[in-house]
**Student:** 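Quick one: the structure is below, and I'll ask about it shortly.
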Amino acid sequence: MARQLVKFRSSKHNMDYILLTVVLFLVGFGLLMIYSASSYEAGIDYNDSGYYLKKQAQSTIIGFAGLFVMIKFPYKALQRFDVIAIVVSAVLIMLVKTPIGITRNGASRWINVGFTTFQPAEVAKIGVIVYLASIIQRLESLGKNVVRTPKGLAIILVPPTIIAGMIYVLTKNLSSAAIIMGIAVAMLFVAVPDYKWFVGVGISGIAAVAALVMYVSNTDMSGSSFRLERVKAWLDPESFSTDKAFQTLQALYAIGSGGIWGKGLGQSMQKRNFLPEAQNDMIFSILCEELGLFGAMTIILLFIVLIWSCMVIANKTMDRFGSLLVVGVMAHYAIQVILNIAVVTNTIPNTGITLPFISYGGTSSLFLLMEIGIVLNVSKHCR
Amino acid sequence: MADRYKSSNRNKNGSKRASRKKRRRENININKIKSMKLAVMMIIILLAFTGLGGRLYCIARDNRNDYQKRILSQQRYDSKTLPFKRGSILDANGTILAASEKVYNVVLDCKVMLDKEINEEPTLTALAECFDLNLSDLKKYVKDNPNSQYYVLKKRITYEEMSPFLDRKNEHNKEASKKGNEKMGIINGVWFEEEYIRRYPNNTLACDVIGFTGTDNNGTYGLEEYYNDVLNGTNGREYGYLNDDATLERNTVAAVDGNTLVSTIDANIQAICEKYLKQFNDEHADEAREGLGAFNSAVIIQNCNNGEIMSMASYPNFDLNNPRDISAYYTEEEIAQMETDETYYDTLNNLWRNFCISDTYEPGSTAKALTLAAGLETGRVVGNEIYECSGALDVADHRIRCNVRTGHNTLDVSGALEQSCNVAFMKMGEALGVKNTIKFEQIFNIGLKTNIDLAGEARTASVVFNEKSMGSSELATASFGQGYNVTMIEMVTAFSSIINGGYYYEPHMVSKITNANGDTVKNIEPRVLKQTISSTTSEQMRQYLYAAVAEGTGKSARPAGYAIGGKTGTAEMVPRDHKNYVVSFIGYAPADNPQIVIYCVVDRPNVADQPHASYATGIVKNILTEVLPYLHIGRTEEMTIAEQEEVDRVLGNIVQANNPEGAGDSGEPVEGDNGQGGGAASGEAGNGDGNTDTQDSGKPAYIVDPDTGELIDAVTGEKAVMDYSMEGDDTAPVGENGADGSETDKKGNT
């Protein structure tokens, strides 16, 4: 595939048009799905079936502006902002607890900047990517193994951990915190030659999760926390079908009833009052219901193409900073898509993760497109 | 890019060459590691996607049918009923007598509202302010029942009451959807359940005729019951079904609204009738006994030329919008008492039933018109007969008295009707014979339902004579309207045929049925059922009846300026103890060209001395004074100044507390009566038979079950046999011994 891409590109600028095409398709398809999934409820709640579509279209336009800015903006200049990025992210996250913070559904995840609202967690993701790419490059330029020293590791991992911790503590957004940690680990993984540490951490992580699951499934539910209940609901959705597992179960019904070819675009029944947040976290299940396994696999394939393109760009870019930026973006996309589909299929407990480009969400859409802009920018400088 | 970097470095001094080389090597090394790591990462990602893809496939493969069923089962494709609108009832002029109105129940869905907690405050505040509810109560309810989905806050509010909330909701939610107002919350979780309720804009007007309907669309009494099926439409349905592809289709079948009735009732005439009935009742309330001015009082006005009922009023009445409210007639203690001894519903049913068609009574002298018509028609009475009245007649060992004890001396046929002489009519009855009497009873439809289009018409077959039950004394009493029972509608219809040339029209209340759009579905034309008497006889009867008002007992019924015909009636009730009477007047107007027949019955007027038809004629006179000009019937007679003043007063519509019969028609006769009624009073005293107690309890001694036509004892509810006997000296004087006699006096004076 990489070879074909090379042929396709002109010598003048090597920008990855396949990636851009895939993104454009996903964004367009995302708008279609948002309309399909939300029109029924929007019509009832706002008397305007296109309510969510319009709002998402606005964010998408802004997102594309951001994308083109990032294509033109010399990405190397970003390296200057590495520490600033992490500080700004931290400050923005803290702002949710100030009066300009907005609380919805019991979680303060948004801040109001007058003309619009956005989620600082989304800014933090891109901030962490920039910070890590920059700091790893800087450390490596000091010496071959500086990154692997405890001090180096601390410099690399402590700030993202602090940010992730803040996101979890202040905004109660476990999924964003997990994504940030995932991005950090993935970038570090690519940067260092070691495997055993990662395998070790991976195995112990899995063991810890397994232990927790065992513990939860064998404990009495009374007085347990919100997270534990979610885990319990994940293990046995049928017995929480009216409460905690309602959304998960309805999503499963949607996926199951879609079959191979689906019910047809716009024909979902689950979006009609049954599946909460149908245009949001759970949009993938509506996609499955309407377009079936075929549609779902197509979208998954498109995301694989996207991630693959990122990998190719990262691989070919000799510039360490640019390459690591692309790795970060790639990790971000991969983690978010995988986690979202895993939630929808009840493979992991329910936690609010959106599907890039397809789910409704203005901030997410803007920063994801900016990240794509950075990747495309880097791709221009490939050899 | 790395190459460029490398070449630029080449020109720099050699001391750094080693480190450059080293860096380059490191770069290559790093890039190798990177490629390797990226490949590993990609493999992990692909594995994850493969795993998820496999899981998707498994979910779809293993659970497809199960999940499809679950989805379908949780869809609300059960049908929803769309209520139809019951048709209206209009009067002859299009005035709405009854109409269904769409109303709304306010329902709060706490679960939906609490979907977002910030919605609670604006929603509850809006509810409290728009529907005048207590905010803290609402909050408490929501706090206690956060999962309640159906909490009716307010029932049956009109659209006007509901719309402020809708406006507010739209405004608020529009405002809240603007940027930066997210904290406001939206008004959510309130919905309105549609329902129709029946409204009667005129409240008590024509209550017995219209009947009433609850929310179940099931009419009770009157037109509402009789035309229940016509008025009701078909409910629509909104339903879902699964089509061939097992996808849900939704379908709506609109409701078909019910048909509208255009009644022959004229609300204005009806109101006039009810006004004077009420006036009478108010005047005589609590006069001789506690209670209304009469147990029942009723008026029917019929168009005698086509059988249409223009007015059918009775008192006591009730509010159709609130039919169970009897507080106007009973105190709270009495109602509580009724509820304990389970007579509450009997009382209600008595109030609701239409006296004009459901209650029977002995017609009294008004039936003399029928007797005379039968006599003339059969030729047994030719009109030149002369009757000698000595005050009583011996019939089959009974001595039956005339209304005037001293007798009427010599009377011709016209005079017999004018003076309402029982003896003359007994002789006519004798001439007619049992066979002809029974025959004409049937010809005039007495004892048969008139089939008027109202629910609850009584069957009277068992309370009239047949050839077996009629002996010579029964024949004698039947000739002046005692001994058998009729309903008002039977009398009116029969009388109309006597007036209009002998055409017996089926009485009816509805002239047209239209659909909800106002298109005519059915026109109900007048139906002539039979010819009762010849037009010549009818012509003769009109003259006699005209004379009966102009010269005779019915004088006090004549409205100033008009010539009318008619006959009074004063019937003594069973038991014959000279206590309880049904007084009545039946007449037609105008005399030369009959348009309407009016019949007024006052059942046991609340006066010390009941047997005076003037209680009925007074009502008739007042009604006609207003109704005839309203019908554009011109005055034909000259009016005296006193009459003119009276007419002005009545038509000026000033209902005064003083006696409307102030012209002296009734006051004087009552005076004269007391002397004359002395015999009756003493007779009563002498009678003292002790079986009057049922009368005193305020109930008729008997009633007729409208379903079976059987007589039942009003007190015990058991089947009863009525004692119509006129035996004994003291039971003799029946008929008009009061007002009629006084009319004689007056006539003598003038």
**Student:** Highest number of heavy-atom pairs under 4.5 Å with chain B: which of A:A334, A:P193, A:C310?
**Tutor:**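 Ranked by contacts with chain B, first place is A:P193.
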**Student:** Looking at A:Q336, is its backbone amide N or carbonyl O close enough to the side chain of A:N340 to form a donor-acceptor pair, meaning the two atoms are under 3.5 Å apart?
**Tutor:**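 No: the side chain of A:N340 does not pair with the backbone of A:Q336.
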**Student:** Who are the ring pair (Phe, Tyr, Trp, His ring centres under 6.0 Å) partners of B:Y159, not counting sequence neighbours?
**Tutor:**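 B:Y159 satisfies ring pair (Phe, Tyr, Trp, His ring centres under 6.0 Å) with no residue once adjacent residues are dropped.
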**Student:** Please tell me whether A:Q270 and A:E289 have a donor and an acceptor in their side chains that are separated by less than 3.5 angstrom.
**Tutor:**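 Judged by distance alone, the side chains do not pair up.
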**Student:** Would you kindly say whether A:S268 and A:K263 are connected by a side-chain donor-acceptor distance under 3.5 Å?
**Tutor:**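 Short answer, no.
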**Student:** Check ring pair (Phe, Tyr, Trp, His ring centres under 6.0 Å) between A:F118 and all other residues, then give those that pass, not counting sequence neighbours.
**Tutor:**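 By the ring pair (Phe, Tyr, Trp, His ring centres under 6.0 Å) rule, A:F118 matches no residue at all.
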**Student:** So B:T125 and B:E129, side-chain hydrogen bond (donor to acceptor under 3.5 Å, both in side chains) or not? Walk me through it.
**Tutor:** CA-CA 6 Å; B:T125 314; B:E129 284 171 18; 5.7 Å; no
**Student:** Considering only heavy atoms, which portion of A:F198 lies under 4.5 Å from any heavy atom of chain B: side chain, backbone, both, or neither?
**Tutor:**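 It is the side chain, since no backbone atom gets that close.
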**Student:** Can you say whether B:D62 sits under 4.5 Å from chain A via the side chain, the backbone, both, or neither, judging by heavy atoms?
**Tutor:**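 The answer is neither part of B:D62.
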**Student:** Hey, which of B:F192, B:F131, B:Y104 is the one that makes side chain to side chain contact (heavy atoms under 4.5 Å, CB included) with B:K154?
**Tutor:**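 The side chain to side chain contact (heavy atoms under 4.5 Å, CB included) with B:K154 is passed solely by B:F131 among B:F192, B:F131, B:Y104.
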**Student:** Taking every heavy-atom pair that is under 4.5 Å apart, which of A:V327, A:V192, A:L301 has the most such pairs with chain B?
**Tutor:**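 Ranked by contacts with chain B, first place is A:V192.
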**Student:** Mind checking which of residues 48-61 of chain B sit less than 4.5 Å from chain A, heavy atom to heavy atom?
**Tutor:**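 So the qualifying residues are B:A48, B:F49, B:L52, B:G53, B:R55, B:L56, B:Y57, B:I59, B:A60.
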**Student:** For the candidates A:G256, A:A296, A:C288, which exhibits the highest count of non-hydrogen atom pairs separated by less than 4.5 Å from chain B?
**Tutor:**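 The residue among A:G256, A:A296, A:C288 with the greatest pair count is A:G256.
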**Student:** Are B:K37 and A:F189 in a cation-pi setup, meaning NZ or CZ lies under 6.0 angstrom from the ring centre and within 45 degrees of the ring axis?
**Tutor:**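 Pair B:K37/A:F189 counts as cation-pi.
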**Student:** Between A:V344, A:I335, A:I338, which has the largest tally of heavy atom pairs under 4.5 Å with chain B?
**Tutor:**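 If we count pairs closer than 4.5 Å to chain B, A:I338 comes out on top.
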**Student:** Tell me, please, which residues at least two apart from B:S35 pass side chain to side chain donor-acceptor pair (under 3.5 Å).
**Tutor:**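 Only A:N315 meet the side chain to side chain donor-acceptor pair (under 3.5 Å) criterion with B:S35.
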